[in-house]
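Just so we're on the same page: letters track the sequence lines, and every chain starts at 1.
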Amino acid sequence: MNTIRLIYRKEMSTYFNSAVAYITLIIFLLINGWFFTSSFFLVGQSDLRILFNSVPLVFIFFIPAITMGSLARENHAGTMEFLTTLPVDDYQIVLGKFFSAVALIGVGLLFTLPHFITLLFVGTSPDIGAILCGYLGLLLVGAMYASIGIFGSAVSNNQITSFLLSFIVIFALYLFDKILIFVPPFLSGILQFLSTDYHFSNISRGVIDSRNIIYFLSVIFFFLTLSVRVLEIRKWR
Amino acid sequence: MIKVEHLTKHYGHVKAVDDISFHVRDGEILGFLGPHGAGKSTTLRIMTSYLTPTSGNIYINDLNVLDDSLDIRKIIGYLPENNPLYPEMNVYDFLKFSAAARKIEGKAFENRLKEVSEMCGLHGVIHKQISELSKGYKQRTGLAQAIFHDPEILILDEPTTGLDPNQIVEIRNLIKQLGKEKTVVISSHILQEIQATADRMVIINKGKIAANGTIDELMSSFKGFTRLHLEIEGVMNARDLTDIHEKIKLADSQTLNGMTKVVIEYPNTLDLRKDVFQYAVKKGWTLLEMNRHRISLEDMFRILTVEEGGKA
């Protein structure tokens, strides 16, 4: 566990010692802020539905940008050889990097709290429970995208390739329940179940269903396991 | 004691290492010599658990790389080829990170940091960012990382590549000093590098071992020629020298200012200096100079690692 924390801390200091964290955070907040303020006062509803609609969309770009370097840079610079010949397990490297990406996403979400505070001031008896559920849902979506981003970063030593690969997978998962009318009926149930938005929209309405939680956790588990397997390819005989 | 046993590594259809076996004794500096692409780095990467062998195994003390990878990594210090470092970190943070991964933290870290920066000459750069360091200081940082946990075994893959001559001498001295108490495996494609640091060497070519032994052993097992340079007062017939032994060949002779300079060649298995001297005495020659040149190790390395068929 200590080793995971060690990798996590190294990763966090890399984020905040370079411009990556600041630039992506600023862009993330600007876009969400623009979406929110441009319609919040027009809709006249006491909830954060606008935010909960825009954040998962912005995440599709924001998260691959955060994670694209995490393993690809180590592969590229050869530091992966240094890291994996320390007494550190491959899964500890992947988890450390995953948690640091989730933490950065958490920081991003924390900075959207002013929207929530605005709502408390101007709204009329907002449903606080539903809003907290929404934030939990956003964190789950973010963590799930981060696991996909880590996988995209593991398979390449080029950050652009990593970005595009994770972007495509994330975008596909986002798109699945938007294209249901175009697919044959026997597929639509499966596609809907695979889609991120379907599970997120339940949570953001304030309904915590174990099926939705299990969906996010199992996708995270799947991609993180896959990433560890990718690191182990070098050990193939 | 490191025992490499029947080690083979394939990359797809390419055999990088082909059934090699050798031992590294405790406390010795073993030079691992071979041209580029001979399989040096692959072998060292298997030793450090970065790669897994296709077949065969490496035993270190009573551990082996297939079953005890994590425990082996704890007792090994490794400087990979090209010395990969995190450019955005400073030296202190980098050493702190690698030490923490080996569970050296707090007071123990600070104490050891003083020792290591003394040994590696890192004073004045501890708080500099790695990307700002010169190549020599980067190499010292990599070496500091490798020795920080005072490992039993030190594995250095081409540690002096790309350094200038002064830096090379410094790193060599450091390696020799470390070799006094540790088992060191050092790889290089440059013979002088190994000659300057190692007690024993293993020469590898195309994934196979071409030679294995101390420098003296390799020299004597190598069927080369000795060249004997002679300078004799007066003018004489150099051909007479071939009477001493049937294996002697006259390579060169010239007369200059009343002196005869002769070069003769004979196999390394013979030492005919005494016979030559006594022959000269018998003939009444005044021998002014006698100088022995053995075919250099450099030549031997070239001969051992050339393509089959004899052409380089």
Least distance between heavy atoms, A:Ala77 atom then B:Pro84 atom: O-CB, 3.6 Å

Pair B:Leu51-A:Lys235, side chain to side chain contact (heavy atoms under 4.5 Å, CB included): steps then yes or no: CA-CA 5 Å; B:Leu51 300 174; A:Lys235 296 205 159 181; over 6 Å; no

Heavy-atom check, side chain of B:Arg73 versus side chain of A:Leu86, under 4.5 Å: no

Sub-4.5 Å side-chain heavy-atom contact between B:Leu85 and A:Thr79: no

Flag if over 12 foreign heavy atoms under 6.0 Å of CZ, A:Phe221: no

Chain A contact via B:Leu66 - which portion, at a heavy-atom distance below 4.5 Å: side chain

Residues, nucleotides or ligands: over 12 heavy atoms within 6.0 Å of A:Phe111 CZ: no

Chain A interface, residue from B:Thr48, B:Ile72, B:Leu79 that has the most non-hydrogen pairs under 4.5 Å: B:Thr48

Max heavy-atom pair count under 4.5 Å with chain A, selected residue of B:Glu81, B:His10, B:Arg102, B:Lys74: B:Arg102

Part of B:Thr8 lying under 4.5 Å from any heavy atom of chain A: neither

Pick from B:Met89, B:Lys96, B:Gln145 with the largest number of heavy-atom pairs that fall under 4.5 Å of chain A: B:Gln145

Side chain to side chain contact (heavy atoms under 4.5 Å, CB included) between A:Thr3 and B:Lys103, worked out: CA-CA 9 Å; A:Thr3 310; B:Lys103 313 275 179 248; 3.3 Å; yes

Distance under 6.0 Å and angle within 45° of ring axis: A:Lys10 vs B:Tyr86: yes

A:His115 atom NE2: more than 12 heavy-atom contacts under 6.0 Å: yes

Top of A:Leu83, A:Asn17, A:Ile7 for chain B proximity - count of heavy-atom pairs under 4.5 angstrom: A:Leu83

Part of B:Lys9 lying under 4.5 Å from any heavy atom of chain A: side chain

Engaged part of A:Arg73 at the chain B interface, taking heavy atoms whose separation is under 4.5 Å: side chain

Heavy-atom side-chain contact between A:Glu81 and B:Pro80 under 4.5 Å: yes

Contact summary for A:Pro87 and B:Ala101, nearest pair of heavy atoms: CG-O, 3.8 Å

Residue pair A:Phe82, B:Tyr50: steps toward the side chain to side chain contact (heavy atoms under 4.5 Å, CB included) verdict: CA-CA 9 Å; A:Phe82 159 73; B:Tyr50 180 64; over 6 Å; no

